[in-house]
Amino acid sequence: MENKIFLTDLAEGLARRKSVSKKDAESFVRMVFDTIQEQLLAGESVKIKGLGTFKVITVGSRESVNVSTGERFTIDSHGKISFTPD
């Protein structure tokens with residue numbers, strides 16, 4: 001059930017539906033995701049009506065184990081992108 005869709009797949013679908021070149025469609029899709037990335041890096045959330053909301057959430061530090069050696073180590077706190085569908 002895990003079907004992956006790539007940026008080029010989105011661009012091809014857009015090109016087919018709107019009769020534009022694949023190059024123009026891919027450029028548009030890249031611009032959309034670049035804009036989302038810029039807003040997330042600036043600390044903003046991005047809501048796209050009919051699609052959903054992208055935001056950065058903070059994941060606290062936690063302890064883990066290296067499966068090869070059994071050694072314990074700490075994974076530092078970090079941000080990760082969260083998406084909530086509309």
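When reading the values below, keep in mind they use all heavy atoms of this one structure, side chains included, and skip hydrogens, waters and symmetry mates. Nothing fancy with the numbering, it's 1 onward along the sequence.
In this structure, the separation between CG on L40 and NZ on K80 is 14.0 Å, given to the nearest 0.5 Å. Taken from CG in D76 to CZ in R62, the straight-line distance is 10.5 Å, to the nearest 0.5 Å. A distance of 4.5 Å separates CD1 in I75 from OG in S64, rounded to the nearest 0.5 Å.
Proximity of E26 to T8: side-chain heavy atoms (C-beta onward) are separated by under 4.5 Å at one or more points. The side-chain heavy atoms of F28 and L10, taken from C-beta on, include no pair separated by under 4.5 Å. V46 is not listed as a side-chain neighbour of T53, based on a closest heavy-atom distance of 4.5 Å or more.
Here the closest heavy-atom approach between residue F83 and residue L51 is recorded as CZ-O, 3.5 Å. The minimum heavy-atom distance linking G79 with V56 is given by the pair CA-CG1, 4.0 Å. When all heavy atoms are compared, the tightest approach of A11 to A25 is O-CB, 3.3 Å.
With a 6.0 Å radius and a threshold of 12 heavy atoms from other residues, nucleotides or ligands, I81 has its CD1 atom at or below the threshold. Within 6.0 Å of NZ in K22 there are 12 or fewer heavy atoms belonging to other residues, nucleotides or ligands.
Tracing side-chain contacts under 4.5 Å through hydrophobic residues (I, L, V, M, F, W, Y), one reaches L7 starting from I5; they form part of the same cluster.
Contact check on D86 versus K47 returns a salt bridge, with a Lys/Arg side-chain nitrogen under 4.0 Å from an Asp/Glu carboxylate oxygen.
With 3.5 Å as the limit, one finds no donor-acceptor pair spanning the side chains of D24 and S27.
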Solution key, residues 65-73 side-chain donor-acceptor pairs under 3.5 Å, sequence neighbours excluded:
unit_1 : atom_1 : unit_2 : atom_2 : d
N66    : OD1    : S68    : N      : 2.8
N66    : OD1    : T69    : N      : 3.3
T69    : OG1    : E71    : N      : 3.2
R72    : NE     : E63    : OE2    : 3.0

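A donor-acceptor pair under 3.5 Å is absent between the side-chain atoms of D34 and the main chain of M31, judged by distance alone.
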For this session: Walk me through it: do V59 and S77 pass the test side-chain contact (heavy atoms from CB on, under 4.5 Å)?
Result: CA-CA 6 Å; V59 178; S77 174; 6.0 Å; no

